Chemist: 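The structure under discussion is supplied below as structure tokens; questions concerning it will follow.
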Amino acid sequence: MNADIRFGAATAVGSMPGADAREAAKTVTGSFEDFPHLPELPARGPGADMIGRTAGLLVELYARVEPSGWRIGDRPGRDTRRARSWLGEDLDALEEFTQGHEGLLKIQAVGPWTLAAALELRNGEVALSDPGACRDLTASLAEGLRLHLEEVHRRVPAAQLVLQLDEPSLVAVLRGQVKSASGYRTHRAVDRQIVEAGLRDVVGVHGDGPVVVHSCAPDVPFALLRRAGAAAISFDFSLLTERDDDVIGEAVEAGTRLFAGVVPGTDGRLSDPAGSVMGVRTLWRRLGLAPGLLAEAVTITPSCGLAGASPEYARRALAHCVQAARSLADNPE
């Protein structure tokens, strides 16, 4: 991990509403000149959803859509081709709107444990039920992400790539809360050291490049993610409790960047930008951290993806993130 990385003040999580790749890329790059990202458009259907999109990146493993969800198969089929085609469209659009871009550029993929909790094996149980399948899936994902990073670098050669791993199911994996196919029981909790090692293997694919791990679930395991090599942790700020204070303070002091999701991800009234980051300032005072560190330690984002928002609200939410970040930098106290 490159300790000298300077993250942007604001960015988004990943998904956007609608099905127009060019419009999404134009909106994102226009909103975040310093820290745009590769938009995801799940409204297009299976293969554009986060699981299908990442399944399309896997190497020597393939997945197809079944009534129950995505299932690992023997060979690439229509669903794999569709996922790869849509990703190609998205990359074409991103390349068009990032000509000459020399700053940060974020790409997202599902992390190994959320993928293992979602992809089914031939018997209908998720890969999480089989330690060998988890290892194979992690290795396939790591290689697929390595190739994906190379492709994005080829298209936007001057950009500094940031890899985001989406792990909304991570806490459920650690707590043994992932349901079996029958729904009558749950799969056994995975040992924390095994979870950490799997994440570290995937994080390590980016070499010295920075990796963000995102989870919009409660009780994000900050310490485990730091040990796995995450340069930054992205979370829904509204789900924090004072129980999280110590681990957040330790993370900040260790140089881990916080991606604070303070802007709602679905349509609603937006407060003034200063009001959106009031909770971040309050947290900082509670931790006894220097106000001057705020802009160096925090990136402002929506609370989660924007796929469920209207296009108009999504545009306003992105602009609001930029304004809220500016407010935080200008008035840290």
Side-chain angles (χ1 to χ4, degrees), residues 14-15 21 37-42 44 46-65 69-92 94-95 105-122 126-128 130-157 159 161-170 173 194-195 197-214 228-230:
S15 66
H37 70 284
L38 176 64
E40 302 163 352
L41 301 173
R44 291 180 296 197
D49 62 299
M50 71 175 194
I51 298 299
R53 185 180 182 90
T54 300
L57 294 173
L58 296 176
V59 173
E60 296 182 0
L61 282 179
Y62 311 101
R64 65 179 185 273
V65 178
W70 284 89
R71 181 170 295 183
I72 295 172
D74 296 324
R75 59 183 65 86
R78 178 183 59 188
D79 299 320
T80 298
R81 289 192 294 271
R82 185 190 297 122
R84 291 176 177 175
S85 175
W86 273 329
L87 179 57
E89 270 186 38
D90 295 339
L91 289 171
D92 288 344
L94 183 74
E95 183 178 3
L105 175 61
K106 181 165 69 71
I107 62 174
Q108 305 82 219
V110 175
W113 295 107
T114 294
L115 200 60
L119 282 183
E120 298 175 356
L121 302 174
R122 291 175 183 83
V126 291
L128 189 69
D130 183 333
C134 289
R135 288 191 293 271
D136 291 345
L137 191 57
T138 298
S140 176
L141 175 63
E143 179 62 12
L145 285 175
R146 185 186 67 78
L147 296 172
H148 184 41
L149 286 161
E150 286 181 359
E151 171 69 5
V152 179
H153 178 69
R154 183 185 67 76
R155 290 170 176 264
V156 196
L161 299 184
V162 176
L163 173 62
Q164 176 180 304
L165 299 176
D166 292 321
E167 282 284 11
S169 299
L170 182 61
V173 168
I194 293 174
V195 169
L199 279 166
R200 189 182 299 112
D201 287 346
V202 178
V203 168
V205 163
H206 200 17
D208 288 336
V211 177
V212 183
V213 179
H214 167 74

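Everything numeric here is computed off the predicted structure, so don't read it as measured data. The first residue of the sequence shown is numbered 1, and numbering continues consecutively from there.
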Chemist: Step by step, would you call His206 with Leu161 a side-chain contact (heavy atoms from CB on, under 4.5 Å)?
Modeler: CA-CA 9 Å; His206 200 17; Leu161 299 184; 4.0 Å; yes
Chemist: Would Ile72 and Glu120 count as a side-chain contact (heavy atoms from CB on, under 4.5 Å) if you check the C-alpha gap in whole Å, the side-chain angles of each, and the deciding distance to 0.1 Å?
Modeler: CA-CA 6 Å; Ile72 295 172; Glu120 298 175 356; over 6 Å; no
Chemist: Are any non-hydrogen side-chain atoms of Asp130 and Leu121 less than 4.5 angstrom apart?
Modeler: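 Yes, side chains in contact.
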Chemist: Around Arg82, counting heavy atoms of other residues, nucleotides and ligands shown, do more than 12 lie under 6.0 Å from its CZ?
Modeler: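 It does: Arg82 CZ has more than 12 such atoms within range.
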Chemist: Could you pull out the closest heavy-atom pair between Leu199 and Ala228, with the gap in Å?
Modeler: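 Closest approach of Leu199 to Ala228: CB-CB, 3.9 Å.
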Chemist: Just so I know, are the side chains of Arg122 and Asp74 near enough to count as touching, which here means a heavy-atom distance under 4.5 Å?
Modeler: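 In contact.
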Chemist: Can a salt bridge be assigned to the pair Arg53 and Asp166 using a cut-off of 4.0 Å between side-chain N and carboxylate O?
Modeler: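 A salt bridge is absent here (no side-chain N lies under 4.0 Å from a carboxylate O).
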Chemist: Between atom CD of Glu151 and atom CG of Leu91, what is the distance when rounded to the nearest 0.5 Å?
Modeler: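 Output value for this atom pair is 6.0 Å.
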Chemist: Taking side chain to side chain contact (heavy atoms under 4.5 Å, CB included) as the criterion, tell me which of Val110, Thr114, Val211 meets it with Leu165.
Modeler: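 Filter result, single survivor: Val211.
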Chemist: Which heavy-atom pair separates Ser169 from Ala117 by the least distance, and what is that distance?
Modeler: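 Scanning both residues completely, I find the closest heavy atoms to be CB-CB, 4.2 Å.
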Chemist: For Val162 and Leu105: C-alpha separation, side-chain torsions, deciding distance, then whether side-chain contact (heavy atoms from CB on, under 4.5 Å) applies.
Modeler: CA-CA 6 Å; Val162 176; Leu105 175 61; over 6 Å; no
Chemist: So if I apply the side chain to side chain donor-acceptor pair (under 3.5 Å) rule between Gln108 and each of His37, Glu40, Gln164, which one comes out positive?
Modeler: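 Single pass found, and it is Glu40.
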Chemist: Which heavy atom of Pro46 sits nearest to which heavy atom of Val65, and what is that distance?
Modeler: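 Heavy atoms only, the tightest pair is CB-CG2, 3.8 Å.
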Chemist: Which atom pair, heavy atoms only, marks the closest approach of Ala63 to Asp79?
Modeler: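 Minimum heavy-atom contact is O-CB, 4.1 Å.
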Chemist: How far does CD1 of Ile107 sit from CG of Leu94, to the nearest 0.5 angstrom?
Modeler: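 So the CD1 of Ile107 and the CG of Leu94 are separated by 9.5 Å.
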Chemist: If the threshold is 4.0 Å, N to carboxylate O, is there a salt bridge linking Arg44 and Asp90?
Modeler: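 Yes, charged N to carboxylate O under 4.0 Å.
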Chemist: To the closest 0.5 Å, what do you measure between CG (Leu57) and CG (Leu145)?
Modeler: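 Here the interatomic distance stands at 6.0 Å.
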Chemist: Are Glu150 and Arg146 close enough for a salt bridge, meaning some N to O gap below 4.0 Å?
Modeler: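 Yes, Glu150 and Arg146 are salt-bridged.
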Chemist: Is it the case that atom CZ in Arg200 sees more than 12 heavy atoms from other parts of the structure closer than 6.0 Å?
Modeler: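 Counting neighbours around CZ of Arg200, more than 12 heavy atoms of other residues, nucleotides or ligands fall under 6.0 Å, so yes.
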Chemist: Looking only at heavy atoms, which two atoms of Ala116 and Cys134 are closest? And how far apart?
Modeler: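 Distance-wise, the nearest heavy atoms are CB-SG, 4.1 Å.
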Chemist: Working to the nearest 0.5 angstrom, can you tell me the gap between Leu61 CG and Arg75 CZ?
Modeler: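 With rounding to 0.5 Å, CG (Leu61) is 14.0 Å from CZ (Arg75).
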Chemist: Is there a donor-acceptor pair closer than 3.5 Å between any side-chain N or O of Ser140 and the backbone N or O of Leu58?
Modeler: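 No, the answer is negative, given that no donor and acceptor are paired below the 3.5 Å cut-off.
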Chemist: Looking at Asp49, Val126, Thr54, which one forms a side chain to side chain contact (heavy atoms under 4.5 Å, CB included) with Trp70?
Modeler: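 When Asp49, Val126, Thr54 are each tested with Trp70, the side chain to side chain contact (heavy atoms under 4.5 Å, CB included) holds only for Asp49.
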Chemist: Quick one, Pro168 and Met50 - any side-chain contact, counting heavy atoms below 4.5 Å?
Modeler: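 Counting from C-beta outward, Pro168 and Met50 do come under 4.5 Å.
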Chemist: Please lay out, stage by stage, how Asp92 and Arg155 fare under the test side-chain contact (heavy atoms from CB on, under 4.5 Å).
Modeler: CA-CA 8 Å; Asp92 288 344; Arg155 290 170 176 264; 2.8 Å; yes
Chemist: With rounding to the nearest 0.5 Å, note down the distance linking CG in Leu141 to CH2 in Trp113.
Modeler: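 One finds 11.5 Å between CG of Leu141 and CH2 of Trp113.
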Chemist: Indicate the atoms forming the closest heavy-atom contact of Tyr62 with Arg84, along with that distance.
Modeler: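 It is CE2-NH2, 4.0 Å.
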